[in-house]
Amino acid sequence: MEKKASLLDEAAIRRALTRIAHEILEKNKGTDGLTLIGIKTRGVPLAQRLAKKISEIEGVDVPIGEVDITLYRDDLTKENDQEEPEIKGMNVKQDITNQKVILVDDVLYTGRTVRAAMDAVMDHGRPAQVQLAVLVDRGHRELPLRADYVGKNIPTSLDEIIGVNLSETDETDEVSIYSK
């Protein structure tokens, strides 16, 4: 892959997350009943950053959880003597029933990851609402999904890839676009 351009640096990511935090608070009229659930891998630190920003704004700690959608993916098959996928599921300390769950991910592309995350959430409770916050929406949906909160819309071709690096997982904060 060849890097074409850096699209967001550390400061731009911070500003996008601050804006998303404010939008979440405005749409939900505060923090009552909110739970943030990060989709592994990079959605988890983004959810943690959003929770920290919300706490700074409102002075309230919002519950955070994480979901590993490996078991829920619709593109996993057992072929060529592959091992069974590891069951990981959700790590949420509180009951999500009747909560406003906000799924958090780095990039929204086809929508299949979000669908799998919603399946996992529904297996663990019945939230009042499920909303979606993403750092980047790159288009090319295969399912009828849209994000409620978007850090940046980056139209891409099918021959391009969006790469998100976060300091918690990659030692630096940057969103870049690559050609295949």
Side-chain angles (χ1 to χ4, degrees), residues 1-25 34-58 60-73 75-76 82-83 85-93 101-117 120-121 131-140 147-180:
M1 291 189 309
E2 178 185 335
K3 184 175 180 178
K4 292 173 72 173
S6 177
L7 304 172
L8 299 173
D9 61 10
E10 181 180 354
I13 291 170
R14 186 176 52 253
R15 285 190 300 272
L17 292 175
T18 299
R19 183 174 33 78
I20 289 171
H22 282 282
E23 289 174 359
I24 288 170
L25 290 169
L34 281 184
T35 300
L36 299 176
I37 298 179
I39 301 172
K40 283 192 167 184
T41 296
R42 287 173 185 81
V44 174
L46 290 173
Q48 293 166 343
R49 290 183 190 190
L50 282 171
K52 183 178 178 190
K53 293 217 179 270
I54 289 170
S55 178
E56 290 169 1
I57 297 164
E58 292 288 304
V60 175
D61 290 334
V62 175
I64 308 169
E66 58 186 55
V67 62
D68 184 331
I69 55 100
T70 305
L71 180 66
Y72 294 88
R73 297 212 32 138
D75 56 355
L76 285 181
Q82 291 178 342
E83 293 182 26
E86 185 177 344
I87 299 173
K88 296 179 184 167
M90 282 189 39
N91 179 12
V92 180
K93 293 185 179 6
V101 169
I102 301 175
L103 291 172
V104 181
D105 205 6
D106 56 349
V107 178
L108 177 57
Y109 180 34
T110 62
R112 294 187 181 280
T113 298
V114 175
R115 184 215 44 88
V121 165
Q131 300 170 26
L132 176 61
V134 296
L135 183 59
V136 174
D137 184 345
R138 65 167 287 190
H140 304 288
D148 299 278
Y149 315 100
V150 178
K152 185 155 181 81
N153 285 293
I154 302 174
T156 62
S157 76
L158 293 174
D159 294 328
E160 294 173 320
I161 295 171
I162 297 292
V164 175
N165 292 326
L166 299 174
S167 59
E168 295 89 341
T169 55
D170 310 295
E171 300 178 14
T172 186
D173 283 355
E174 181 181 43
V175 175
S176 303
I177 189 165
Y178 298 86
S179 58
K180 290 184 182 178

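A salt bridge links Glu168 with Arg49; the closest basic N to acidic carboxylate O contact falls under 4.0 Å. Checked for salt-bridge contact, Asp170 and Arg42 meet the test: a charged N lies under 4.0 Å from a carboxylate O.
Using a 4.5 Å heavy-atom threshold, the side chains of Val67 and Ile69 count as touching. Val60 places none of its side-chain heavy atoms less than 4.5 Å from the side chain of Ile54. Within the 4.5 Å cutoff, the side chain of Leu25 has heavy atoms near those of the Glu58 side chain. For the pair His22 and Lys53, the minimum side-chain heavy-atom distance is 4.5 Å or more. Annotation: side chain of Ile162 is in contact with side chain of Leu7 (closest heavy-atom distance under 4.5 Å).
Distance check, rounded to the nearest 0.5 Å: CG of Leu34 to CD1 of Ile102 gives 4.5 Å.
A donor-acceptor pair under 3.5 Å is absent between the side-chain atoms of Asp105 and the main chain of Val134, judged by distance alone. With hydrogens and angles ignored, the 3.5 Å screen pairs a side-chain donor or acceptor of Asp173 with a backbone N or O of Ser167.
Heavy atoms only, all atoms of each residue included: Gln48 and Ile64 are closest at CA-CD1, 4.0 Å. When all heavy atoms of Ser6 and Glu174 are compared, the pair lying nearest together is OG-OE2, 2.8 Å. Heavy-atom minimum distance, Ala47 versus Ile37: CB-C, 4.5 Å.
For the 3.5 Å distance criterion, the side chains of Asp68 and Thr70 qualify, holding a donor opposite an acceptor.
If you run salt bridge (Lys or Arg N to Asp or Glu O under 4.0 Å) between Glu160 and each of Lys180, Arg138, Lys4, Lys3, only Lys4 comes through.
Taking a 6.0 Å sphere around CD of Glu171, one finds it holds 12 or fewer heavy atoms contributed by other residues, nucleotides or ligands.
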